[in-house]
Structure formats: structure tokens, C-alpha cells
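Heads up, the thing below is written out as C-alpha cells.
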Protein chains: 2
Amino acid sequence: MLGETTRDRRQERREATKNEILEAAWDMAREGGLASLSLRDLARRVGMSAPSLYGYFDSKMAIYDAMFGQGAQQYLEYARNRPRSGDPLEELQLGMRNFVAFCTEDPVRYQLLFQRPIPGFEPSPESYAPSIEGLALVRQQLADAGLTDQKALDLLTAIGNGLADQQISNDPGGDRWTRLVDDAMEMLFDHMTKKATKARGRTKK
Amino acid sequence: MLGETTRDRRQERREATKNEILEAAWDMAREGGLASLSLRDLARRVGMSAPSLYGYFDSKMAIYDAMFGQGAQQYLEYARNRPRSGDPLEELQLGMRNFVAFCTEDPVRYQLLFQRPIPGFEPSPESYAPSIEGLALVRQQLADAGLTDQKALDLLTAIGNGLADQQISNDPGGDRWTRLVDDAMEMLFDHMTKKATKARGRTKK
DNA sequence: GTCTATATTTGGATAGAC
DNA sequence: GTCTATCCAAATATAGAC
């Protein structure tokens, strides 16, 4: 059949082990912070010696890179599968709820994807690709809702970033800031339509 | 005279050296990030050996702590000396402009004060004191402008945090987000007065 | 593939002479 | 106060046997 090839059991096993290593890496990062990841501890956690990890990843940075790729892929799916609405305001609210939920659901993932706290780490083009695709998708979703003004988009990202950040930093596990999402989006929406009206006025004059 | 005592030239010299060390530490952090601070390099930078630093600070954490104290003190002065206005909206705008300017002026200081990126670092009560005083002052300034609703304050901090963070992360040295401050405050102000009106309606009914 | 042993670097911190 | 010498711990990464 087209695109199908013989199953390579060796390769499958190898991928499974890589995933097992990455899962353990996420666990470690969630416990002690991203920077706390050490190859010794990681190896012990998956039941092998530290040098054996090099059979699966070229370096510690390669592990961070793979984690970044997983996170970006997860975000892409999050953005693809979220509920949609025909109403622009509701669409804005659903989109932002989705974003903030994604961020607060796993603070370490948020940190890795959006805050770049690892000195010297830059994601490779391969790992970055789904991230770009995700951003393009969100941008398209917003455009569908009639949101194309760059300043409004910048303000939107600032609000989203700020809500997620405050929630994670100052009320982890709670909802002190996440509950403000709908209200904040209503505020932004009102503000945009008000400015759009004024702008039309100026144009017609 | 009251409160005046004999000058202690030894003590003065010591304080001067401590400040010199802290200045060098800020420089290092600005160049390679907060986490890059190493006692060896720091010592070389001020022209002494690494162990000599222990004559001035008990540990590396004590240096971070002193830096935190300096930053908090600077914020307090920033909040005290900012321009004021009798008009509530203008007051909101001036306050937020002040905050975002403080944050973007020195990203490393922002990181140390508001993001706590050093694993295991917690500021001591002495270093934290000016920070508390600064927060209380800002809170009072906002109350003077008629802003006391907790949800509105939370939304305000999220917006401030978000604007500063986006500016620092995505357009360092530019003004892509800082220029949105006045507009964002107008938006928040409109939203608050609208909600306040609605709330009054409900109460009177 | 996985291991043991080891190289190498780098860091914070201490001891003790001067 | 400042230095040299040193300790100790932890980290990434490599060599080479099995």
C-alpha cells in the first residue's frame, strides 16, 4: 500500500524508549523546575546509566529540544480541537480560555514554550515547526472572528500572557485569574468595536 | 546632635566595597542572565579572589538577596516619585506607564523581582520589606483614584505584567507593547465604570 | 545497547598563612 | 582583609569492555 512500509520492531522499541525518557524528564522538571534536570537522575529514573542516554539523545540540549517539540505539538492540537463559535466575542473568549487553560495546565510546559528559561537553549527548526503552525492557526482563527488589527492582537497576547503568568505565579492551582478571562475578553471586544466605530467616523469625514 | 554619630571610616569603606561588588554582579547578570552569576568571575571582575567575597557576603544567595533588596528599594522610589494626577484615568495611565517603564528599563531586575528564576532563592524579610512597602503604596495610589475592586486590581496586574513581559521578551529596546499602555488603561477604565454603573443599578433595584 | 570507569569542567565554600 | 591552596560536590560527556 501507498506510504506503508514494513514494521521495524527495533525502531519501534527505540521510539518507545525515547518517549519513556521524555516522560521521566517532564516528571523531573515538574518536581524541581526545568533547570533541575540532570542526566544522572534522569537515567536513574528510567533504570539505566547516564551514558546510556546518549544512545537516544545526543546531548542534554537535545532532550530539552525534544520536550519543546512535544509541547509545541500539544499546543497545536489544543488550538485545533478547541470549541468554536460563530459569534466573534464568544470566539474570542473560547480562544483565550483555551490558551490560558493550556498554560496553567502544565506550568513547566508553559515555561519551556513561552519563557525560554534555559540559558543557551534555542529550539531547533524541527521542534519549532509545530509552534509556528500553531501560531498561524490561532492567527487565522482570530482573523475569522474579524480580529486583524495588529495593536489589538498585541494587546490580546499581553493580556493572555499576563493572566496565565499571574495565575501560575500567584495562585497555582486556583482560579483567581483564569476566572477573569471572559470578562477581560468582553472588555477588549468592547474597546475594539468602539475604536473601530471612531475610525470609520474619521474615514467618512 | 540627635541621631548623629561619629563617622566610622572603616564601616564606610566596607559599604562602598559591598556596593562595588553588587554593581559588578548586576553587570554580570545583565550580560549572561541571573543564573550565570559565579563567584569566581564576580571576584575577578572586582579585582579580588573568590574567597575574599566571603568577607562581604555570607554566601552566593546573600548576594542575590542584596540585589533583590536594591531592586525593591528602587521600585519604591520609582513609585514615590512618579508624576500624579487628579483625574482617575490619567492617574491609572501614569501609574502603569511608571510600572512598565521600571520593568523594561532593566529586564534582569524585573526578572529577579517579579519572576523569581533562581531555584531555591527566597528573599529575606529585610530585603522584602521595601517590596511590601512599594506594593502598599501603589495600592493606596490606586485607591485614591477610586480603584478598590479586587477583580479589577487583579486584571490590572495581569495587564501590567503581560505588557512588560511581552515588551521584554519579544521587542527588547523597542516600544511595541509599551506604547499600548495608555490605550489599555483607557480600556480598563471604561470597563470598570461600565460595570460599576450596572452594579449600582442592581443595588438600587 | 548497556555498562563501568573516567575525563573534564565548574561551581560554592573553607582552612590557614600573612 | 586578602591571598593561595584545597575540598567537595555535581554536572556533561567520552572511552572502551561485554
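When reading the values below, keep in mind they use all heavy atoms of this one structure, side chains included, and skip hydrogens, waters and symmetry mates. Order of the sequence lines fixes the chain letters, A, B, ..., with proteins taken first and strands second; residue numbering starts at 1 for each chain.
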More 5' along DNA chain D: B/Pro51 or A/Lys60, using each one's nearest nucleotide?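 By nearest-heavy-atom nucleotide position, the 5'-most residue is B/Pro51.
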
Please give, in whole Å, the distance from [N] [atom2] to [X] [atom1]?
X	N	atom1	atom2	value
B/Tyr54	D/dC3	OH	P	15 Å
B/Ile63	C/dG12	CD1	P	9 Å
A/Glu20	C/dT2	CD	P	10 Å
B/Leu42	C/dG11	CG	P	12 Å
B/Arg44	D/dC3	CZ	P	13 Å
A/Arg40	C/dT6	CZ	C1'	11 Å
A/Leu39	C/dT9	CG	P	18 Å
B/Phe121	C/dG12	CZ	C1'	17 Å

Using modelled atom types only, decide if a donor and an acceptor are shared between the side chain of B/Ser169 and the backbone of B/Gln166 within a distance under 3.5 Å. no

Nearest of [options] to any side-chain atom of [X]?
X	options	answer
A/Met48	C/dT2, D/dA15, D/dA5	C/dT2
A/Ser52	C/dG12, D/dA13, C/dC3	C/dC3
A/Ser49	C/dA13, C/dT4, D/dA13	C/dT4

Counting only heavy atoms from other residues, nucleotides and ligands, does the tally under 6.0 Å from CG of A/Asn81 exceed 12?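 Enclosed.
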
Check this for me: B/Arg116, atom CZ, are more than 12 non-hydrogen atoms of other residues, nucleotides or ligands nearer than 6.0 Å?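 Atom CZ in B/Arg116 is packed in, count exceeds 12.
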
Using a 4.0 Å heavy-atom cut-off across all strands, classify [X] as base, sugar-phosphate, or nothing.
X	value
B/Tyr56	sugar-phosphate
B/Arg10	sugar-phosphate
A/Leu37	sugar-phosphate

Minimum-distance pair of heavy atoms, taken over all atoms of B/Leu147 and B/Ala152: CD2-CB, 3.8 Å

Test: A/Asp27 and A/Arg30 ion pair at under 4.0 Å: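 Salt bridge present between A/Asp27 and A/Arg30.
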
